[in-house]
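As structure tokens, the structure follows; a few thoughts come after it.
Keep in mind the model is a prediction, meaning the values are calculated, not measured.
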Amino acid sequence: MILALLSDLHANIEAARACIEHAEEQGAERFAFLGDLVGYGAEPSAVIELVAERAGRGAIMIQGNHDAAIGEGGRGLNDIAYEALEWTRNALSAGEKEFLATLPLIIREDDLCFVHSSADRPERWVYVETNGAARQSIEAANAVYTFAGHVHDQVLYFHTPTGKTAPFRPVSGSVVPVPSHRRWHAIVGSVGQPRDGNPAAAYAIFDSAKEEMTFFRVPYDHLLAARKIRAAGLPEALALRIERGV
């Protein structure tokens, strides 16, 4: 199975469409959306509609912290994120809010685990940014492969032959062997709001038959996405983030 892994779409329909189209060109047979469909961007309804259609065709759907915050009040978000949350809450229909509220925090399928942040108490929305946090997630997942987002970065953590956990920084388009005799925590990057200085959307593909992962950066019309943020009256800082990839 060739599985496309998309996270942190953040109401950016241009980026979402670009990554889905790119994944289909790579032969993706199934999709997994790893949370944060909404927040920050100007088109939450369009993104929900897009991924809900994929869910009807068997896509895996996970709830992210911004998705959960629509119904939970947004405790812990910074001022800009909270302002975007309030705007998003007002923009969504009751049915769209219900869709977000019913998404699961974690899904396990055979030797695969899907989560937004960490498999270790996913409701706490831990940022997996250290070897120790990655190890906790790997151990809690009880799976060979754990796929996550939340960090808006692309990193592949793995158990070394000595039992430690180490990170690997992938290069876009380069195939990475991920043999099943080790255990992995893959952070697939952000479709809708990359933060590494590159505005191109980020996602990954997992080939279960070949035991390989490929991380991608996909250029899209990010300037249009930024203009839509401004037109919606959302904070200027959010438009700048899209333009600059920060």
Exercise. Quick one: does F215's side chain get under 4.5 Å of L156's, heavy atoms only?
Worked result: yes
Problem set entry | Passing candidate, side chain to side chain contact (heavy atoms under 4.5 Å, CB included) with M61, options F31, F114, F33 | F33
Exercise. For H150, does its backbone N or O pair with a side-chain atom of S117 as donor and acceptor, under 3.5 Å?
Worked result: no
For this session: Please confirm whether the backbone N or O of H152 pairs with a side-chain atom of R195, one donor and one acceptor, at under 3.5 Å?
Result: no
Exercise. In Å, rounded to the nearest 0.5 Å, how long is the span from CG of D221 to NZ of K228?
Worked result: 8.5 Å
For this session: Determine whether N12 and V191 make a side-chain contact, defined as any pair of heavy atoms from C-beta on separated by less than 4.5 Å.
Result: no
For this session: Find out whether I2 and I205 are in side-chain contact, i.e. whether some heavy atom of one side chain is under 4.5 Å from a heavy atom of the other.
Result: yes
Exercise. Looking only at heavy atoms, which two atoms of Q154 and V188 are closest? And how far apart?
Worked result: NE2-O, 3.1 Å
For this session: Kindly indicate, with the supporting measurements, whether the criterion side-chain hydrogen bond (donor to acceptor under 3.5 Å, both in side chains) is fulfilled by Q136 and H185.
Result: CA-CA 10 Å; Q136 285 182 300; H185 179 99; over 6 Å; no
For this session: Could you tell me whether the side chain of R241 and the main chain of V246 form a donor-acceptor pair under 3.5 Å?
Result: yes
For this session: For the pair E243 (side chain) and L223 (backbone), establish whether a donor and an acceptor sit closer than 3.5 Å, ignoring hydrogens and angles.
Result: no
For this session: Check the pair C113, I106 against side-chain contact (heavy atoms from CB on, under 4.5 Å), reporting the backbone distance first and the verdict last.
Result: CA-CA 7 Å; C113 178; I106 190 168; 3.6 Å; yes
Exercise. Backbone N or O of H10 within a donor-acceptor pair of the D36 side chain at under 3.5 Å?
Worked result: no
Exercise. Checking S208 side chain against M1 main chain: does a donor-acceptor pair fall under 3.5 Å?
Worked result: yes
Exercise. Is the backbone N or O of H159 less than 3.5 Å from a side-chain atom of R183, with the two atoms forming a donor-acceptor pair by type?
Worked result: no
Problem set entry | N-O pairing of R169 and D196 below 4.0 Å | no
Exercise. What are the two closest non-hydrogen atoms of A81 and Y40, and how far apart are they?
Worked result: CB-CE2, 3.8 Å
For this session: Have a look at F158 and tell me which of Y145, F168, W184 forms a ring-ring contact (aromatic ring centres under 6.0 Å, His included) with it.
Result: W184
Problem set entry | Donor-acceptor pair, side chain of Y203 and main chain of A23, under 3.5 angstrom | yes
Exercise. Nearest heavy-atom pair of A91 and P44: which atoms, and what distance?
Worked result: CB-CG, 4.4 Å
Problem set entry | Side-chain touch N65/H116, heavy atoms, less than 4.5 angstrom | yes
Exercise. With distance as the sole test, does W125 use its side chain to make a donor-acceptor pair with the main-chain N or O of E123 at under 3.5 Å?
Worked result: yes
Exercise. Do L92 and I48 have side chains that get closer than 4.5 Å, going by heavy atoms?
Worked result: yes
Problem set entry | Verdict with reasoning, I60 to F147, per side-chain contact (heavy atoms from CB on, under 4.5 Å) | CA-CA 11 Å; I60 294 162; F147 303 117; over 6 Å; no
Exercise. Which heavy-atom pair separates G192 from I242 by the least distance, and what is that distance?
Worked result: O-CD1, 3.0 Å
Exercise. Are the side chains of L77 and H66 in touch, meaning some heavy atoms are under 4.5 Å apart?
Worked result: yes
Exercise. Which pairs count as salt bridge (Lys or Arg N to Asp or Glu O under 4.0 Å) when at least one residue sits in residues 87-110, sequence neighbours excluded?
Worked result: R30-E109, E86-R89
List the atom pairs, donor and acceptor, that lie under 3.5 Å between side-chain atoms in residues 126-133 and the rest of the protein, sequence neighbours left out.
from: T130; atom 1: OG1; to: A133; atom 2: N; distance (Å): 3.1
from: N131; atom 1: ND2; to: T165; atom 2: O; distance (Å): 3.2

For this session: In sequence, state the C-alpha distance, the side-chain angles, and the governing distance for L85 and Y82, and then conclude on side-chain contact (heavy atoms from CB on, under 4.5 Å).
Result: CA-CA 5 Å; L85 171 69; Y82 186 80; 4.1 Å; yes
Problem set entry | Q63 side chain to L105 backbone, donor-acceptor under 3.5 Å | no
Problem set entry | Nearest atoms (heavy-atom pairs only) where V175 meets T214 | CG2-OG1, 3.6 Å
For this session: For L234 and A84, work out which heavy atoms get closest and say how close.
Result: CD2-CA, 3.9 Å
Problem set entry | Pairs where residues 50-64 contributes a residue and the test salt bridge (Lys or Arg N to Asp or Glu O under 4.0 Å) is met, not counting sequence neighbours | E24-R54, E53-R57
